Participant: 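This is the structure I want to talk about, given as structure tokens.
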There are 2 protein chains.
Amino acid sequence: MSAETDFNVTDSEWEVMRVVWAHGQASSKEIIDVLGQKMDWKPATTKTFLGRLVNKGMLNTQADGRRYLYSANVGESEFVRHALDEFFGHVCNREVGKTIGSVLSKATLSHKDISLLQTILDEKKETAVEEVPCNCVPGQCHCNVHSGGSCSC
Amino acid sequence: MSAETDFNVTDSEWEVMRVVWAHGQASSKEIIDVLGQKMDWKPATTKTFLGRLVNKGMLNTQADGRRYLYSANVGESEFVRHALDEFFGHVCNREVGKTIGSVLSKATLSHKDISLLQTILDEKKETAVEEVPCNCVPGQCHCNVHSGGSCSC
DNA sequence: ACTCTTAGTTTACGTTTGTAAACGTTCGTT
DNA sequence: AACGAACGTTTACAAACGTAAACTAAGAGT
């Protein structure tokens, strides 16, 4: 029926995806064991999420005897990017800079991560704007409230 | 009863908060009007969310005659930081760098934002690690799957 | 063959969320 | 004093979620 992948994954299902992403391919038993330990879920609970994820097209099943081997149909990076777009869709554009800063602050990063970010940031310098416009309220602007400053929208 | 603020705000409620944050203080009529336009919600719908947010302690009410003036009890920055912590609680630590990069790439930033991020990034250089450990599966490590590289966990 | 185990599928059920009508109360107006 | 508009509060109700037991089918071992 549904050939389309449904990215609408709930928090619990997300936990299941993480295990699959980390394993690459795994049997339900492996997944159940990990989540039984990490999330304290009963086997039946994990089974439910596994089934729902297969329905959503987030997981692929490959028959292995009478059981399945599960694997992700969507990469973690792709999925996270998707979820993030939705997240930032809720955040006022004016807050995005600060927000990224706050994530950055508390993140554990590798040297490679840092150079990547450095590169991106350098590129960003060229398209930097004077004042980011508020997008919380359509039509009218109330930015003056935000940073306590004058707004040019 | 509940003296505690419940940060567990749903997507729809978040939209309401944005309007309040942008306005600083607003009557239900103003909020209803904005969301009726932006979200195409019936007045009753916005009323419901307003009520729920007051219950959660996210909104304060200040009597103004027989009606209320609503204002946020939690700042947008604080709230977003909170929501982000939860978000990143679902993301494998190894993905965080790339993830921040992807947000950064498509964000509209001001010059000020950029210098802020630059500063933070510079500081980060000092605590950069060789390889970020995976936290998707407890006890055992399957990082090799992630970046296709060898893992030292 | 027969039973135990294992793994996927169905069913269940209370809570949360999205969406909104209905209700009750209180001013402003006639 | 009566009436209608405005606003907060209650009630409603289907869909989504979290959590899990029950059921079913198919090998594994005896």
Side-chain angles (χ1 to χ4, degrees), chain A residues 1-2 6-20 23 25-71 83 86-87 89-90, chain B residues 1-2 6-20 23 25-71 83 86-87 89-90:
Chain A
M1 312 282 106
S2 59
D6 177 8
F7 278 73
N8 230 53
V9 170
T10 71
D11 284 354
S12 297
E13 289 164 358
W14 196 340
E15 280 306 322
V16 177
M17 291 306 297
R18 292 180 69 178
V19 179
V20 178
H23 277 72
Q25 187 164 50
S27 67
S28 69
K29 176 165 174 19
E30 293 178 280
I31 301 170
I32 286 172
D33 286 347
V34 171
L35 293 171
Q37 194 195 315
K38 182 179 181 186
M39 306 297 289
D40 199 43
W41 288 342
K42 299 285 161 58
T45 303
T46 300
K47 285 183 189 180
T48 299
F49 295 141
L50 240 18
R52 289 181 181 169
L53 284 167
V54 171
N55 282 343
K56 294 186 182 185
M58 285 294 297
L59 288 181
N60 289 317
T61 53
Q62 184 196 326
D64 172 45
R66 93 226 110 256
R67 71 206 70 177
Y68 291 155
L69 287 184
Y70 297 85
S71 60
E86 203 170 307
F87 184 95
H90 292 300
Chain B
M1 311 281 103
S2 58
D6 176 8
F7 278 73
N8 230 53
V9 171
T10 71
D11 285 353
S12 298
E13 289 164 359
W14 197 339
E15 280 306 322
V16 177
M17 291 305 297
R18 292 179 69 180
V19 179
V20 177
H23 277 72
Q25 187 164 50
S27 66
S28 70
K29 175 167 176 16
E30 294 177 280
I31 300 169
I32 286 172
D33 286 348
V34 170
L35 293 171
Q37 194 195 313
K38 182 179 181 186
M39 305 298 286
D40 199 41
W41 288 342
K42 298 286 160 57
T45 303
T46 301
K47 284 182 189 180
T48 299
F49 295 140
L50 241 15
R52 289 179 182 170
L53 284 168
V54 170
N55 282 342
K56 294 186 182 185
M58 285 294 297
L59 288 181
N60 290 317
T61 52
Q62 184 197 325
D64 171 45
R66 95 220 111 265
R67 72 206 68 179
Y68 292 155
L69 286 184
Y70 297 85
S71 60
E86 204 171 306
F87 184 95
H90 292 299

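Per chain, numbering begins at 1; letters A, B, ... match sequence-line order. Computed from a predicted model, the values in this text were never measured in an experiment.
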Participant: Which whole-number value in Å describes the distance from M58(B) CE to dT17(C) P?
Facilitator: 13 Å
Participant: Minimum heavy-atom separation for E13(A) to R52(A), with atom names?
Facilitator: OE2-CB, 3.7 Å
Participant: In whole angstrom, what separates I31(B)'s CD1 from dC7(D)'s P?
Facilitator: 11 Å
Participant: Ignoring backbone atoms, establish whether W41(A) has a side-chain N or O less than 4.0 Å from OP1 or OP2 of dT19(D).
Facilitator: yes
Participant: How close or far is atom C1' of dA7(C) from atom CG of D64(A), stated in whole angstroms?
Facilitator: 12 Å
Participant: Which one, dA20(D), dG18(C), dG8(C), comes nearest to the side chain of R52(B)?
Facilitator: dG18(C)
Participant: Just to verify, which of V9(B), T48(B), N60(B), T10(B) counts as forming a side chain to side chain contact (heavy atoms under 4.5 Å, CB included) with L53(B)?
Facilitator: V9(B)
Participant: Considering the options T61(A), N55(A), L59(A), which one meets the side chain to side chain contact (heavy atoms under 4.5 Å, CB included) requirement together with L50(A)?
Facilitator: L59(A)
Participant: Between K38(A) and E15(A) (salt bridge meaning N to carboxylate O under 4.0 Å), is one present in this structure?
Facilitator: yes
Participant: Using 30° and 60° as the class limits, which term best fits the ring planes of W14(A) and H90(B): parallel, tilted or perpendicular?
Facilitator: parallel
Participant: Ignoring hydrogens and angles, does a donor from either the side chain of R67(B) or the base of dT25(C) sit under 3.5 Å from an acceptor on the other?
Facilitator: no
Participant: Is R66(B) side chain donor-acceptor paired with the dG28(C) base, going by distance under 3.5 Å alone?
Facilitator: no
Participant: Between atom CG in L50(A) and atom P in dT6(C), what is the gap in whole Å?
Facilitator: 17 Å
Participant: Any side-chain N or O of Y68(A) less than 4.0 Å from the OP1 or OP2 oxygen of dT9(C)?
Facilitator: yes
Participant: May I ask you to say what K42(A) touches in the nucleic acid, namely base, sugar-phosphate or nothing, with a heavy-atom cut-off under 4.0 Å?
Facilitator: sugar-phosphate
Participant: Mapping I32(B) and T45(A) to their closest nucleotides on DNA chain D, which lands nearer the 5' end?
Facilitator: I32(B)
Participant: In whole angstrom, what separates H90(B)'s NE2 from dG18(D)'s C1'?
Facilitator: 13 Å
Participant: The side chain of S28(B) is closest to which nucleotide in this list: dG8(C), dC7(D), dC17(D)?
Facilitator: dC7(D)
Participant: Write down the distance between CD (Q62(B)) and C1' (dG8(D)), rounded to a whole number of angstrom.
Facilitator: 16 Å
Participant: Could you check L69(B) against T48(A) and say which one's nearest nucleotide on DNA chain D is further toward the 5' end?
Facilitator: L69(B)
Participant: Check this one for me: any side-chain N or O of S12(A) less than 4.0 Å away from OP1 or OP2 of dG18(D)?
Facilitator: yes
Participant: Could you pick out which residue, V9(B) or K47(A), lies toward the 5' side of DNA chain C when each is mapped onto its nearest nucleotide?
Facilitator: K47(A)
Participant: Return the value, rounded to whole Å, for the distance between atom CG of L35(B) and atom C1' of dT19(C).
Facilitator: 13 Å
Participant: What is the separation between atom CG on D11(B) and atom C1' on dG18(C), rounded to the nearest whole Å?
Facilitator: 11 Å
